[in-house]
There are 2 protein chains.
Amino acid sequence: MDHRQNLLVGQSGGPTAVINSSLSGVLHGAAQSGRVGTVYGMLNGIEGYLEERKMNLSLLTKQERELLKTTPASFLGACRKRLPEELDDPLYDQLFQSFEKDGIGYFLYIGGNDSMDTVDKLTRAARKRGDKQVRFIGICKTIDNDLVYTDHTPGYGSAAKYVAASVRQMMTDAEVYTMDNVLIVECMGRDAGWVTAASVLARRFEGDNPGLIYLPESDFRLGQMMERIRALLKVRNTVVVCVSEGIHDSSGRLISKTGLSASSDVFGHVQMAGCGKILETVIKNEMNIKVRSVELNLPQRCSAVEASLTDVTEAWRCGVEGVNLALSGRTGQMVAMVREDTPDGSYRIRYEGVEVSKVCNMVRYFPREWITSEGTDIDKAYVSYALPLIQGESRPPMENGLPKFLYRDQSQNKRGIRK
Amino acid sequence: MDHRQNLLVGQSGGPTAVINSSLSGVLHGAAQSGRVGTVYGMLNGIEGYLEERKMNLSLLTKQERELLKTTPASFLGACRKRLPEELDDPLYDQLFQSFEKDGIGYFLYIGGNDSMDTVDKLTRAARKRGDKQVRFIGICKTIDNDLVYTDHTPGYGSAAKYVAASVRQMMTDAEVYTMDNVLIVECMGRDAGWVTAASVLARRFEGDNPGLIYLPESDFRLGQMMERIRALLKVRNTVVVCVSEGIHDSSGRLISKTGLSASSDVFGHVQMAGCGKILETVIKNEMNIKVRSVELNLPQRCSAVEASLTDVTEAWRCGVEGVNLALSGRTGQMVAMVREDTPDGSYRIRYEGVEVSKVCNMVRYFPREWITSEGTDIDKAYVSYALPLIQGESRPPMENGLPKFLYRDQSQNKRGIRK
């Protein structure tokens with residue numbers, strides 16, 4: 001009989017290109033240690049586990065674990081459930097009973113801010129109960145890069161690389177005609193501008209596009225943008241403007257909301273447009289020139305084909321380190337990445353556990369000092385910070401010309417109905 | 001003194017990932033032949049050439065020609081100019097005088113339907129003048145794949161590969177939650193559905209997403225789509241619907257126009273939404289479930305990072321063959337790709353010249369027999385047709401984590417103003 005404790009791992013929150021790489025790292029770490037019994041995966045996070053929906057991940061072959069490393073989004077599915085604030089809630093009793101029944105000694109949760117909150121609450125609920133059976137570890141992921149106490153988050157490097165490469169390619173596209181034109185690129189980021197900031201990496205030379213970059217960390221002024229576009233059009237034909245979805249005016253009103261009030265279609269439905277589409281309309285009408293807006297949308301967070309090898313590798317390593325932390329008896333911690341000072345200035349990351357209670361429910365905004373004084377461009381200090389994160393190309397195996405991924409039978413998701 | 005005739009090459013129309021590969025092929029073909037003098041590039045096509053804007057492409061190094069092969073969009077810039085119908089127009093006199101002054105013996109034009117029209121008109125204008133000095137050759141390109149007399153067009157394979165890979169990745173993203181949700185993906189294609197049809201290649205198994213695919217070649221019925229989505233949601237949580245931008249109802253009215261009438265923003269501007277956004281709004285309001293729409297937009301046609309190696313190679317070969325046709329004395333022809341019957345069924349392309357007059361101003365629609373009877377899916381015959389076109393990965397050289405491209409100083413575009 002196997003007396004080793006089992007490991008329970010889950011994924012939660014919005015997809016990134018590398019969450020599964022962390023999962024693959026967890027599986028590798030558990031297998032390599034020889035100290036873990038069965039690895040169970042919660043299907044759709046803690047919400048699915050509460051419904052006893054889980055799978056045996058120890059059955060995955062080494063080849064499947066390898067394929068997982070380059071599969072985007074959440075292999076196990078995700079949820080958005082927040083655990084109750086009240087630690088005496090019977091839901092916690094149910095969970096701890098399940099942990100005991102399943103022989104769980106290690107609980108690893110891969111996710112963003114809300115997931116770290118789950119790890120924190122479980123840690124505190126266990127302490128309150130005097131339960132020392134399970135160690136709770138968080139492995140962070142989010143393209144938003146908005147977690148504190150870590151140099152960056154797994155998922156950000158790939159999103160930044162995708163944004164920078166896409167903007168550079170779209171610049172070549174927008175520049176083919178001689179007529180004046182504006183290209184608006186809307187990137188993800190409601191509160192923090194990290195993803196949009198990466199568009200500065202697309203610049204090929206001093207004075208190149210993108211000509212203007214707007215983050216939610218500074219107030220957006222429409223008049224100023226118009227003025228700047230007019231000035232830029234005096235020296236070039238194409239002006240590329242990159243904006244975060246969450247840009248807002250000085251009163252805090254989202255630009256994406258300014259188009260809503262009068263807008264409805266023939267069916268009487270309210271149309272919802274992003275801020276890029278709204279700026280496109282305004283510029284087109286005010287300046288009467290060719291304007292196009294592109295919302296980069298989902299590919300920003302799920303493009304495994306263009307992922308950063310550095311990001312994929314670091315995400316995997318975070319998974320391995322998460323297992324190590326749990327096995328060393330730590331609990332209530334998140335795997336953080338610390339950028340080390342090296343004699344030659346080369347990039348090196350150290351992995352360490354930080355108190356998850358210090359991380360959860362905090363937001364790390366894009367530093368104001370990395371935004372130029374007019375709020376329209378990104379400082380070189382950011383470029384030095386970000387370049388190491390986008391190095392190297394991760395290449396999923398290709399089959400018949402298309403990326404091959406590992407996936408579960410999605411029909412399992414539809415409760416009670418099987419194909 | 002060099003008695004060889006010079007070659008004039010131009011690019012026109014909308015960008016693709018591989019137009020520059022054809023240009024690189026032209027440069028290779030010219031250099032290899034030893035029979036061509038200087039190769040000049042028209043800046044912004046025939047329009048720029050009329051303003052004497054051209055560059056000496058013979059000065060490009062072999063390394064630069066190689067870099068050109070994987071650079072998206074038009075290195076030389078493009079135009080949308082249509083030459084006059086009347087062949088006695090003085091504009092033709094101007095052009096033929098310029099050809100003579102520049103010692104042009106070979107005129108190669110890389111572009112879509114309108115560009116083939118330019119080649120045709122120049123050929124006829126030359127004949128009318130009894131001018132036998134210049135041979136006119138068209139090299140086709142368009143992601144739309146809507147030209148006749150060629151098995152497919154350079155640019156289509158890369159667009160198809162991008163669409164299929166993106167949809168497959170977005171499927172993994174959309175499937176992470178258990179709640180019912182619909183993802184609408186809007187692809188390019190106003191009149192022809194070729195690009196959207198490629199989304200069927202994303203399917204991983206029988207019955208997988210995309211659940212519904214709508215092309216402009218059949219009438220779109222909103223009620224039928226709603227019915228089909230409801231039926232699909234009974235067996236799965238996520239329904240992916242791929243639509244061409246040009247889908248229309250049975251009266252021919254574009255779906256993208258149905259949202260226009262009542263729609264304006266607080267500034268009083270009319271908002272223009274794509275059909276994807278409109279369907280998103282309708283489904284959300286009718287069914288009260290999570291719906292997201294993604295417009296694939298520019299990356300479809302300029303993503304060199306995800307281009308098909310088959311496409312890049314064929315585009316390059318079309319450039320080489322264009323030079324060969326011109327050198328062999330042919331004129332008024334377009335380089336066509338003919339799919340050969342091979343004993344083992346393997347994919348092989350033969351390059352040959354076809355009369356450009358038969359090609360220009362014709363549209364090849366997606367075959368109706370490749371659309372299933374309900375108009376909601378694509379037949380396997382298309383899959384057999386398309387798979388060879390997306391094989392192999394073209395990889396631009398990477399520099400500091402991002403694709404490195406060849407580009408001209410864009411400030412040259414702004415007439416009279418230099419940075």
Side-chain angles (χ1 to χ4, degrees), chain A residues 15 44 72-74 77-78 161 164-166 168-170 172-173 175-178 201 204 207 235-237 258-259 261-267 269 271 273 278 281-282 285 294-295 297-299 302-306 308 387 390-391 393 398 400-403 405 407 410-411 413-414 417 419, chain B residues 15 44 72-74 77-78 161 164-166 168-170 172-173 175-178 201 204 207 234-237 258-259 261-267 269 271 273 278 281-282 285 294-295 297-299 302-306 387 390-391 393 398 400-403 405 407 410-411 413-414 417 419:
Chain A
N44 298 104
S74 311
K161 189 183 180 88
S166 298
R168 180 172 287 185
Q169 293 183 114
M170 288 192 289
T172 68
D173 186 297
E175 285 165 353
V176 303
Y177 295 115
T178 52
L201 305 173
R204 299 160 296 186
V235 289
R236 61 171 88 146
N237 297 98
T258 57
S261 60
S263 160
S264 66
D265 66 10
V266 289
F267 308 103
H269 301 144
Q271 298 274 351
I278 287 169
T281 310
V282 175
N285 282 278
V294 175
E295 192 182 340
N297 222 317
L298 295 186
C302 69
S303 188
V305 192
E306 297 191 30
S308 152
L387 274 180
I390 66 166
Q391 298 303 310
E393 282 66 58
M398 303 295 281
N400 233 339
L402 292 176
F405 301 132
Y407 54 88
Q410 289 299 326
S411 64
N413 270 350
K414 204 80 193 181
I417 298 175
K419 271 184 283 195
Chain B
N44 300 103
S74 311
K161 189 183 180 87
S166 297
R168 181 171 285 183
Q169 294 184 113
M170 287 192 289
T172 68
D173 185 298
E175 284 166 352
V176 303
Y177 295 114
T178 52
L201 305 174
R204 299 159 297 185
K234 285 191 179 138
V235 288
R236 61 172 88 147
N237 297 96
T258 57
S261 59
S263 162
S264 65
D265 66 10
V266 287
F267 309 103
H269 301 143
Q271 297 276 351
I278 287 169
T281 310
V282 175
N285 281 278
V294 174
E295 192 182 341
N297 221 317
L298 296 185
C302 68
S303 187
V305 192
E306 297 192 30
L387 274 181
I390 66 165
Q391 298 303 308
E393 282 66 58
M398 303 295 280
N400 232 340
L402 291 175
F405 300 132
Y407 55 89
Q410 290 299 325
S411 62
N413 270 349
K414 204 81 194 182
I417 298 177
K419 270 182 284 195

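Here the structure is a predicted model, which is why all the values come from computation and not from measurement. All chains are named by letter (A, B, ...) in the order of the sequence lines, taking the proteins before the strands, and each is independently numbered beginning at 1.
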With no hydrogens and no angle check, is any side-chain donor or acceptor of Q169(B) less than 3.5 Å from a backbone partner on P72(A)? no
Sorted by chain and residue number, the side chain to side chain donor-acceptor pair (under 3.5 Å) partners of Q391(B) (sequence neighbours excluded) come out as N400(A)
When the 4.5 angstrom heavy-atom criterion is applied to T172(B) and chain A, the contacting part is both
Legend entry - Side chain to side chain, M170(A) and C302(B), heavy atoms closer than 4.5 Å: yes
When every non-hydrogen atom of L402(B) is compared with those of L201(A), the smallest separation belongs to CD1-O, 3.2 Å
Here the gap from I390(B) atom CD1 to M398(A) atom CE, rounded to the nearest 0.5 Å, amounts to 7.5 Å
Has R168(A) got its NZ or CZ under 6.0 Å from the middle of the six-membered ring of F405(B), at an angle within 45 degrees of the ring axis? no
The interface call for N297(A) against chain B, heavy-atom contacts under 4.5 Å, is side chain
In terms of heavy-atom pairs under 4.5 Å with chain B, the winner among A78(A), P299(A), A164(A), P403(A) is A78(A)
So, the part of S74(A) with a heavy atom under 4.5 Å from chain B: the answer is both
By side chain to side chain donor-acceptor pair (under 3.5 Å), E306(A) pairs with (sequence neighbours left out) none
